[in-house]
Amino acid sequence: MAALALWVLAAISCWQYGLVHAQPSPNVQKRISAAIKEAGASNSTNVDYTQFVNVFIGTDNFGDVCPGASVPFGMVKFSTDLTGYAPAGYITDPSEKIRGISPLHDSGTGSSLGTYGNFEVMPMFCPGGFNTCNVTLASRERFRKNNTDDASPGYFSQTLDNGIKIEATSTRRAGLERFTFPKKGGKPYFVLDLANDLPASFMGGRMDIDPEKGRITLGGRWGSSFGPGTYSYQAFACYDILNGGKQALSEYGVWTGMTSEDFDAKGLGQTSLNLTRNLIGGVYESGALFSFEGNPTEIDFRVGVSFVSTDQACANAESEVGDTSFEDIVAQSKALWNEKLSKIEIDVKNTPANVTEMLYSSLYRASLTPNNATGETQGPFAGTTHPYFDSLYCSWDTFRTFYPLMALHSPVEFAEIVDNYIDGWRKLGWMPECRANNVPGWTQGGSSADNIVGHFAMLYHNEAAALGIDLNELYSAQLADAEINPPEWNTLGRQVNVYKQYGYVPFGVLDTQSVGRQTREGSRTLEYAFEDFGVRQVALLLNKTDDVAKYTNRSLFYRNVWDPQVVSDGFHGFAQKRWPNGTFALTSPVDCSPNDNSTNRECSLQGDNVVGFYESSSWEYSWFAPHDTAHLIQLMGGNATFVKRLDHFFDAGYYLAGNEPSFQTPIGYHYANRPTKSVDRVREVVFTNFDITPAGLPGNDDQAAMATLLAFHLLGIYPVPSTSQFLVLSPFTPKYTIHNSYLNVSTTVTTKGFDARSVKKTIPKGAAAYVKSVTVNGVESPNRCHFDFYDVFRVGGDVVIEVTADKNAVDDCGSGLPESISTGGFAVAR
Ligand SMILES: *[C@@H]1O[C@H](CO)[C@@H](O)[C@H](O)[C@H]1NC(C)=O
Ligand SMILES: *[C@@H]1O[C@H](CO)[C@@H](O)[C@H](O)[C@H]1NC(C)=O
Ligand SMILES: *[C@@H]1O[C@H](CO)[C@@H](O)[C@H](O)[C@H]1NC(C)=O
Ligand SMILES: *[C@@H]1O[C@H](CO)[C@@H](O)[C@H](O)[C@H]1NC(C)=O
Ligand SMILES: *[C@@H]1O[C@H](CO)[C@@H](O)[C@H](O)[C@H]1NC(C)=O
Ligand SMILES: *[C@@H]1O[C@H](CO)[C@@H](O)[C@H](O)[C@H]1NC(C)=O
Ligand SMILES: *[C@@H]1O[C@H](CO)[C@@H](O)[C@H](O)[C@H]1NC(C)=O
Ligand SMILES: *[C@@H]1O[C@H](CO)[C@@H](O)[C@H](O)[C@H]1NC(C)=O
Ligand SMILES: *[C@@H]1O[C@H](CO)[C@@H](O)[C@H](O)[C@H]1NC(C)=O
Ligand SMILES: *[C@@H]1O[C@H](CO)[C@@H](O)[C@H](O)[C@H]1NC(C)=O
Ligand SMILES: *[C@@H]1O[C@H](CO)[C@@H](O)[C@H](O)[C@H]1NC(C)=O
Ligand SMILES: *[C@@H]1O[C@H](CO)[C@@H](O)[C@H](O)[C@H]1NC(C)=O
């Protein structure tokens with residue numbers, strides 16, 4: 001959901017840049033740098049890839065990345081929750097305070113209120129005893145001990161300014177928390193929060209303390225973090241607080257309180273709370289408070305979570321953690337991460353260290369979400385026999401690069417998620433667009449799932465059945481999105497009734513059959529058209545000739561919002577919203593771009609977003625027809641003007657690296673037969689917008705949409721969604737191997753002539769970086785701009801991308817341009 005907060009935050013980001021953030025601990029970067037150096041020096045084949053991962057990248061500058069302890073696709077992500085703007089719990093800003101540590105988080109979402117953060121626990125000292133403890137959020141918050149935050153795949157730690165150290169490690173649905181107290185600190189107390197989640201959305205719940213067993217169970221209902229306020233979800237947790245009998249409970253009880261009223265009422269010895277929703281509003285808080293005997297310096301909790309019941313939360317802790325030690329759970333988690341990270345191996349020795357760190361940190365986040373909640377289903381999905389993933393947050397973000405990267409190496413995981421998308425259609429009638437907190441979230445472009453499942457079908461139709469996917473069912477789910485107008489299209493499906501009738505989504509149309517927020521008509525038309533291309537591709541695969549014609553036609557509807565009359569900065573023709581009578585409703589193409597001088601224009605889902613585009617300007621969205629760029633070039637006035645316009649787009653500052661509709665634009669030059677300019681642009685984009693610091697992302701990671709964009713840029717390839725075509729660029733590393741664990745093939749890409757001096761923002765004269773030839777398994781390709789999955793990653797083997805410093809000699813594609821519908825491209829499915 002990209003830049004949801006962008007416009008709101010633009011105003012306050014200035015003071016952010018002024019701060020010197022001394023988090024995380026400097027040892028984190030030192031450790032990573034040393035590991036990369038050592039791996040480069042040794043010839044060991046047994047590389048621990050987790051050492052190269054900096055989980056803190058994207059925890060500042062509104063990257064909203066969760067650095068918490070998680071296994072790949074973990075439902076549990078243990079992180080502290082901080083005050084201020086911290087949608088994923090943790091942020092680096094040392095002027096913000098810690099509220100506690102909690103097991104449920106999302107990563108990289110722009111939800112302005114935050115998401116999850118339920119079941120927080122906070123350690124503390126209360127020298128005056130039980131009744132003097134500060135239990136409410138506002139009173140218990142504490143600063144961190146600066147420069148000590150530490151985390152790595154499977155492990156998270158932070159220390160409070162009173163010296164109490166908090167650590168955590170996890171399995172898929174459970175984990176361990178370890179608290180270390182300073183000697184002579186006194187009796188340790190803990191507050192366990194029943195009501196507060198990050199968005200303060202409590203709708204009632206229950207907590208029970210069993211002091212004999214040393215078990216606290218709690219659960220309830222909370223509201224969606226990015227969807228209708230009427231939707232709610234249930235969640236449960238189970239805390240085992242005696243560490244198998246090694247810890248003895250001293251006092252225990254419950255509390256409720258209200259920060260705004262400055263009260264908290266405690267009940268020593270009481271064991272349950274049963275609270276319904278406070279209908280008058282206001283945040284009331286409640287939870288448990290307990291202490292331990294004997295001034296221990298270490299206290300350990302085992303925590304299980306579930307979306308089904310407290311019993312299941314306890315069972316998850318028992319089966320996934322049992323009595324395994326903290327260190328062993330860390331080791332298990334690291335092993336799972338290594339299995340994922342080693343799907344792409346690089347020549348560490350000859351790759352610039354920052355590139356290694358950016359790549360593996362990106363690959364880490366590329367397997368961090370969505371959250372695997374298989375077996376933890378509720379509502380319409382209760383008891384489904386299919387895999388289930390939460391936090392598809394949002395498909396508009398992830399169809400472009402996230403799933404295409406997964407498709408290269410992990411078709412089994414991809415198939416599970418595709419099955420989950422199809423299951424959304426089975427249960428609700430349309431595939432999910434932005435599932436957040438287990439309930440439908442706001443729709444962004446329409447039904448981008450069509451391009452996600454379409455991409456799977458194009459690459460894995462031969463293996464689909466073996467992977468548990470019925471292609472006819474997949475196609476039926478796409479057809480539902482494309483043909484069935486939902487009564488309410490804010491959360492599912494598209495407004496296809498008027499789209500089909502007019503050939504575009506009209507502005508100000510009378511819709512007697514369905515409701516939704518009537519904004520974003522320009523961008524909805526562009527995205528609906530590309531979604532139709534995703535349907536068309538599967539129709540092609542399944543030999544549905546009539547449907548191919550129908551959806552090919554609909555995929556060209558993007559042309560219907562093209563207004564040739566609009567001029568901006570001297571360039572002619574821009575996408576615009578349009579009235580039902582065909583007249584265009586002019587808004588400036590600059591509106592909602594970084595060059596927009598208005599400080600109060602609404603550009604996201606707000607009802608008064610009048611520009612016609614979602615989180616973007618017309619300058620930005622007018623490039624969006626990935627399946628038909630050849631025709632877009634014609635609309636823009638030919639190759640020379642197109643190239644000039646692309647140059648202006650970047651140089652004048654209309655490009656937004658942190659916004660998904662901009663993703664493919666740096667490679668647009670390929671389509672005008674100027675591939676060396678794409679290489680220059682990608683180098684510039686990477687080194688202007690990404691680095692290895694916590695502020696090293698250009699915006700919300702958007703469930704690793706940014707991470708996977710960066711990974712593709714570093715690898716020198718770029719996917720065209722819903723097709724098997726890859727655009728070829730210049731890798732930032734001399735050699736990498738992609739292992740496909742299902743096909744059992746490995747593909748090694750060697751950059752012949754690689755010059756590390758070229759790996760910077762501006763490629764210096766004389767540094768080889770421009771693609772001269774592409775050779776696949778010994779056969780030189782007549783083309784140096786693109787290749788096909790079926791010729792490369794499907795079969796494995798060796799790809800040699802030869803690079804040269806002689807830019808002028810190689811500034812054309814060779815035998816043909818990347819495909820476009822209007823020039824006869826995408827005629828067959830491979
Ligand atoms: C690594 O391998 C290279 C080439 O085989 C060799 O020259 C070098 O000495 C080896 N380095 C170590 C530390 O074993
Ligand atoms: C940490 O740094 C912040 C910002 O400089 C400061 O406000 C805070 O007091 C520091 N905390 C400690 C424990 O020194
Ligand atoms: C609780 O908060 C108050 C107000 O900030 C503070 O004076 C008091 O020392 C705190 N009590 C404990 C036990 O930390
Ligand atoms: C909790 O309260 C609700 C009503 O608010 C009631 O229906 C339910 O029976 C109570 N549960 C228990 C276990 O007391
Ligand atoms: C999700 O969890 C289920 C149940 O443990 C497991 O079978 C499946 O492999 C997991 N999928 C992924 C992508 O992690
Ligand atoms: C579609 O037609 C092609 C060519 O005739 C054939 O190879 C393929 O098996 C057909 N696919 C389906 C799903 O019928
Ligand atoms: C799509 O179909 C409509 C109606 O049949 C037709 O008028 C239009 O020209 C077609 N558009 C394209 C781009 O083929
Ligand atoms: C189309 O409708 C709009 C809005 O009602 C109006 O401003 C415009 O003049 C109409 N165009 C024509 C050609 O009637
Ligand atoms: C925005 O303001 C700047 C500085 O005054 C001006 O140069 C620029 O033309 C303005 N842009 C627009 C789109 O009005
Ligand atoms: C752009 O250049 C390509 C390759 O040189 C050519 O095939 C194509 O026709 C040109 N497009 C336009 C609109 O001139
Ligand atoms: C690596 O990244 C750090 C942090 O952004 C930066 O200071 C340093 O200059 C980079 N090193 C190189 C060689 O680019
Ligand atoms: C890949 O290898 C595994 C393990 O040997 C085997 O189970 C699997 O069937 C192979 N996959 C394919 C597509 O051949």
Side-chain angles (χ1 to χ4, degrees), residues 17 20-24 26 28-37 40 52-54 56-61 63 92 339 343 348 350-362 407-415 459-469 498 502 504 506-510 518 521 560-561 563 565 576-587 610 612 683-698 710 713-714 732-733 739-747 755-764 767 789-790 793-796:
Y17 293 125
V20 178
H21 288 176
Q23 305 300 334
V28 172
Q29 184 53 53
K30 276 188 202 146
R31 188 173 68 215
I32 296 167
S33 298
I36 293 172
K37 203 168 166 193
F52 307 156
V53 174
N54 187 341
F56 288 101
I57 294 176
T59 55
D60 190 5
N61 191 31
T92 53
E339 197 257 321
K343 295 273 169 76
V348 178
N350 297 302
T351 300
N354 283 9
V355 170
T356 301
E357 185 171 341
M358 285 194 286
L359 180 65
Y360 284 97
S361 305
S362 299
L408 277 181
H409 52 69
S410 297
V412 173
E413 288 77 359
F414 190 16
L459 269 53
Y460 289 105
H461 54 90
N462 295 315
E463 294 79 18
L467 288 166
I469 303 297
V498 296
Y502 292 90
Y504 55 93
F507 168 59
V509 72
L510 172 69
Q518 299 231 14
E521 294 78 11
N560 297 338
V561 288
D563 183 352
Q565 308 298 329
Q576 288 284 304
K577 66 179 183 182
R578 202 172 182 183
W579 298 100
N581 63 12
T583 301
F584 287 99
L586 178 73
T587 60
V610 297
R683 287 288 206 273
E684 177 192 81
V685 160
V686 167
F687 288 103
T688 307
N689 296 285
F690 297 91
D691 66 37
I692 58 171
T693 70
L697 292 185
L710 177 60
H713 281 341
L714 298 178
F732 288 51
T733 166
H739 301 286
N740 187 311
S741 52
Y742 182 75
L743 298 175
N744 298 328
V745 297
S746 297
T747 311
D755 186 342
R757 288 177 308 152
S758 78
V759 185
K760 49 170 67 82
K761 186 171 162 182
T762 306
I763 298 169
F789 176 79
Y790 285 89
F793 302 110
R794 178 68 184 76
V795 289

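Since the model is a prediction, treat every value here as computed from it, not as a measurement. Just so you know, ligand 1 is whichever comes first in the structure, and atom 1 is the first atom listed for that ligand. One is the number of the first residue; the rest follow in order along the sequence.
Shown here for V745 and V795, the closest heavy-atom pair between the two residues is CG1-O, 3.8 Å.
Side chain of R578 to backbone of N560: a donor-acceptor contact under 3.5 angstrom is found. The closest donor-acceptor contact from the side chain of Y504 to the backbone of W579 lies under 3.5 Å. At least one donor-acceptor pair under 3.5 Å links the side chain of K577 to the backbone N or O of V610. In this structure, the side chain of N54 engages the main chain of F56 through a donor-acceptor pair within 3.5 Å.
Looking at E357 and Q29, their side chains do bring a donor and an acceptor atom within 3.5 Å of each other.
Nearest protein heavy-atom neighbour of atom 7 (O) of ligand 8: W579 NE1, 4.4 Å. Looking only at heavy atoms of the protein, atom 9 (O) of ligand 12 is closest to N744 ND2, 4.8 Å.
Considering backbone and side-chain N/O of N581, one or more are found under 3.5 Å from N/O of ligand 8. For ligand 11, the polar-atom distance check against N354 finds a nitrogen or oxygen pair separated by under 3.5 Å. Among the atoms of Y742, some N or O lies under 3.5 angstrom from an N or O of ligand 12.
Interface atoms of ligand 8 facing T583, defined by a heavy-atom separation under 4.0 Å, are 1 (C), 10 (C), 11 (N), 12 (C), 13 (C). Every atom of ligand 11 with a heavy atom of D691 under 4.0 Å away is listed here by number and element: 5 (O). Contact atoms of ligand 11 toward T693: 4 (C), 5 (O) (distance under 4.0 Å to a heavy atom of the residue).
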side-chain contact (heavy atoms from CB on, under 4.5 Å) between V348 and I36, worked out: CA-CA 7 Å; V348 178; I36 293 172; 4.1 Å; yes

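There is no protein heavy atom closer than 4.0 angstrom to atom 13 (C) of ligand 11. Distances from atom 5 (O) of ligand 12 to the protein include no heavy-atom value under 4.0 Å. Proximity of atom 2 (O) of ligand 8 to the protein is indicated by at least one non-hydrogen atom lying closer than 4.0 angstrom.
For the atom pair OH (Y790) and CG (N462), the distance works out to 5.5 Å, reported to the nearest 0.5 Å.
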